[in-house]
Amino acid sequence: GAGVSQSPRYKVAKRGQDVALRCDPISGHVSLFWYQQALGQGPEFLTYFQNEAQLDKSGLPSDRFFAERPEGSVSTLKIQRTQQEDSAVYLCASSFGYAGNPFGEQYFGPGTRLTVT
Amino acid sequence: QQQVKQSPQSLIVQKGGISIINCAYENTAFDYFPWYQQFPGKGPALLIAIRPDVSEKKEGRFTISFNKSAKQFSLHIMDSQPGDSATYFCAASTSGSARQLTFGSGTQLTVLP
């Protein structure tokens, strides 16, 4: 595809519901990142995949957050039992770079705006 | 812990003027310093990036100045245009784009016509 795509673009969930957010990275990009962006703030790192391996999940705020990338391309961020504090824009980024060749920019998708009511 | 501090929070500049945004970092392991531009409803887009082996990088109207000893870097937008009105984020990472970016808190730039 032409860029990183994310779906849905907007999601409204009632507190306690589970949600799944999808990211389609640029074809061939090895690295995939999830970030959380609160209103008026900079993005904050959640987790990182190199191909299908989740190498860093240190930014996930709780065990209600779970991410996967089973075939090394599409990734899903799942949030269980959503809380109001989970309301934010969730951004996905992909990059050609990886540990052995750390060059190439991170390309961001448009994000999914999650509102928990 | 905020590892990248960005200022000002907002900036208003007249068309044709120079916009200057500053960032300071704490982690001396950072070796990649990009600037991102974000329009409402869009994801951040890379504007320009620098590595610590150079003190300045210029691309068109955009220039990054980097001071390794002071652990500071700044973005200068020359001849600012209304179309430059957006939110700008500085960021930093170790080992280039293959690692997570740590972002500043953002600067909302408004360029008046």
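Here is how names work: the chains are called A, B, and so on, in the same order as the sequence lines, proteins then strands, and each is numbered from 1. The analysis underlying the following values was restricted to heavy atoms, covering all of them including side chains, and did not include hydrogens, waters or symmetry mates.
Annotation: the span from Gln41(A) atom CD to Thr87(B) atom OG1 amounts to 11.0 Å, rounded to 0.5 Å.
For residues 108-117 of chain A, a heavy-atom distance under 4.5 Å to chain B picks out Phe108(A), Gly109(A), Pro110(A), given by residue number. Taking 4.5 Å as the heavy-atom cut-off, the residues of residues 37-44 of chain B that approach chain A are Gln38(B), Gly41(B), Lys42(B), Gly43(B), Pro44(B), ordered by number.
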side-chain contact (heavy atoms from CB on, under 4.5 Å) between Leu101(B) and Gln106(A): does it pass, once the steps are laid out? CA-CA 9 Å; Leu101(B) 293 167; Gln106(A) 289 188 24; 3.6 Å; yes
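In Glu44(A), the CD atom is not crowded: 12 or fewer heavy atoms of neighbouring residues, nucleotides or ligands sit closer than 6.0 Å. By the neighbour-count criterion of 12 heavy atoms within 6.0 Å, atom CZ of Arg64(A) is densely surrounded, having more than that number from other residues, nucleotides or ligands. The neighbour count for Gln9(B) CD, taken as heavy atoms of other residues, nucleotides or ligands under 6.0 Å away, does not exceed 12.
In this structure Phe33(B) satisfies the ring-ring contact (aromatic ring centres under 6.0 Å, His included) test together with Tyr25(B), Phe66(B), Phe73(B), sequence neighbours excluded. Residues that satisfy the side-chain hydrogen bond (donor to acceptor under 3.5 Å, both in side chains) test with Arg61(B), not counting sequence neighbours, are Asp84(B).
Proximity to chain B (any heavy atom under 4.5 Å) is restricted, for Gln37(A), to the side chain, taken from C-beta onward.
Between Pro43(A) and Phe103(B), the closest heavy-atom pair is O-CD1, 3.3 Å.
Under the 4.5 Å side-chain heavy-atom criterion for grouping Ile, Leu, Val, Met, Phe, Trp and Tyr, Val54(B) is connected to Trp35(B) within one hydrophobic cluster. Follow the hydrophobic side-chain contacts under 4.5 Å out from Ile48(B) and you reach Phe30(B) in the same cluster. In the hydrophobic clustering of this structure, Phe33(A) does not group with Phe66(A); members are Ile, Leu, Val, Met, Phe, Trp, Tyr whose side-chain heavy atoms approach within less than 4.5 Å, directly or through other members. Both Val13(B) and Tyr88(B) are part of a single hydrophobic cluster, where members link through side-chain heavy atoms under 4.5 Å apart. No chain of hydrophobic side-chain contacts below 4.5 Å, direct or via other Ile, Leu, Val, Met, Phe, Trp or Tyr residues, connects Leu11(B) to Met78(B).
Listed for the Tyr35(A) side chain is no donor-acceptor partner under 3.5 Å among the backbone atoms of Gln100(B).
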